[in-house]
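For reference, the structure is listed below as C-alpha cells.
What you see below is based on every heavy atom in this structure, not just the backbone, and it leaves out hydrogens, waters and symmetry mates. Within every chain, numbering begins at 1; the chains are lettered A, B, ... in the order of the sequence lines, protein sequences first and strands thereafter.
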There are 2 protein chains.
Amino acid sequence: MLFKLISPRFFMTAPICDLVHKLSANFSNEQQAFNNPPLYAHITATFRPLAHLAPGSLLLEQSYAIAPNHPYRIRVLKVEIRDNRLMIFSHSILNEERYWGSVNDPERMLTIQENDLQHLEGCDYIVHQDQGNFIGEVEPGCRCLVERKKGIATYVVSKFELSNEGGLRTVDRGHDPITHEQVWGSLGGVFEFERTIDFSQEIPQSWVDTWREV
Amino acid sequence: MLFKLISPRFFMTAPICDLVHKLSANFSNEQQAFNNPPLYAHITATFRPLAHLAPGSLLLEQSYAIAPNHPYRIRVLKVEIRDNRLMIFSHSILNEERYWGSVNDPERMLTIQENDLQHLEGCDYIVHQDQGNFIGEVEPGCRCLVERKKGIATYVVSKFELSNEGGLRTVDRGHDPITHEQVWGSLGGVFEFERTIDFSQEIPQSWVDTWREV
C-alpha cells in the first residue's frame, strides 16, 4: 500500500512539469486568421523558460504577427503549486519596453531580474486537468481589471485550454464591474493556436528535479 | 418655380458623385488595431476607380495589412442609381487571383474587363444619406450567402457608414438561415477605418459629367 502511494511520483510526470513543457513554445493562429478573414487578427503567443529564475518561470509575449518586436502584452508567468492547486501567477515587468521582443533574443531575456517583476493581483490562473488537457481560468472575484478605451475599467474573464496534442485555445472577454455585462471581446471568438516552435528543451533539469520532489 | 426645381442639380454635387468621391481611397484601421489588441485585425480596404469601365465602377480589395497582395476579398463595385435609389452592386471576378494586389498596380487593374465580372445576387447595398453621412446596408431578404467553416452556409448582414469627414465604419455578421441566430462576427465589433490615401482624383471627368445629367 505504501509502495502504491509513493511510487507514482517517481514514474509519472508531475502535472506541473507536464504543463510547463506544454506551454514552452511559440503558438500561432495563422491558420485561423487565414480561414476567417477579417475576424481574427493573426497573432503569436510565445512562452519561453527563464532558466535563471525560479522553477516554472516563463516569459510570455503576445504580438500581432505583423509587429513581433512590439508585443501588446509581455508578462512573466510563474507556474507553481500553491495549496495543492496548480496555479499560474502573472507579473508585469517594470519598464517593460526594455524587454519587448526579447522572447526571440535569449541573451536579453536572461537579464530579466526578479525585482523587475510586479505581481498582478487578481489575474492569476487556476489550472485543472480534464482528459489530458490543461484548462486554466482567471481566479473568481472579478478583480483582474484592465482599461480598454478611455478610462473605462473592465474586469477580465479569461480562459485557456492546452490540449494534449499541443494546441492552445484562449478566450478573453471584458465585463462591466457594475452590471457584469460583456463590454469587449468577440462572440464565440476563441483564438485557436497551433504549436509552431518548441522551447521545452530549454527547461533546466534542475526544475524537473524540483518537481519530482513536490 | 421652374428655376427652383431645375437649378440645384447644376450647382450641387449629385449624391452619387459625392459617394464615389468619398469611397475612392485607401482606408486603414491601424489605429483601432493598435488601441485594442488583439481584438481587431489590422486590415485595409482600398476602393479605386476603374476608369475604363462604366461610371461608378470601383475595384475593391480588402486585405490583412500583413499580406497586401493576398486580399481576402476582391470585388468590382458599381455605384448606380436604380429606381431612384442609390445602390452599390457587387461583382466577383473570374479567376480573381490574376488581379490580387492590382489595386496598387494601376496598369494591371485597367485590364479587368466587364466580361470578367459576375454579379453577386442578394449582396447589393442600398445606400441612403443621413446628416451628410452615407449609410449602406445589404438589401433585405437574407439572400447574400457565404460559407464560413466547413460547408455551413450563413447569410450576411453587412452595413457601412461613410462619414462626411472621411472615416469608414463597417460591420459584418453571419446568421444561420434557419434560426437567424448570429453565427460569426464580433459583438459590437465595428471596424473603424481612417482614410489614408485619396484616389478620388482618378475619377474621370466623363463620369462626373454623366452624373450631372442624371
Measure B/Ala67 against the heavy atoms of chain A and call it side chain, backbone, both or neither at under 4.5 Å.
neither
Distance in Å, B/Tyr72 OH paired with A/Asn35 CG, rounded so as to fall on 0.5 Å steps
14.5 Å
Please say whether more than 12 non-hydrogen atoms of neighbouring residues, nucleotides or ligands are located less than 6.0 Å from CD in B/Gln118.
no
Closest non-hydrogen atom pair between B/Pro37 and A/Tyr64, with its separation
CA-OH, 3.3 Å
When you look at CD of B/Gln201, are more than 12 heavy atoms from neighbouring residues, nucleotides or ligands closer to it than 6.0 Å?
yes
With sequence neighbours excluded, residues passing side chain to side chain donor-acceptor pair (under 3.5 Å) with A/Thr196:
A/Asn26
Above 12 or not: heavy atoms from other molecules or residues under 6.0 Å from NE2 of B/His70?
no
Tell me the closest heavy-atom pair linking B/Ala41 and A/Pro38, and the distance in Å.
CB-O, 3.8 Å
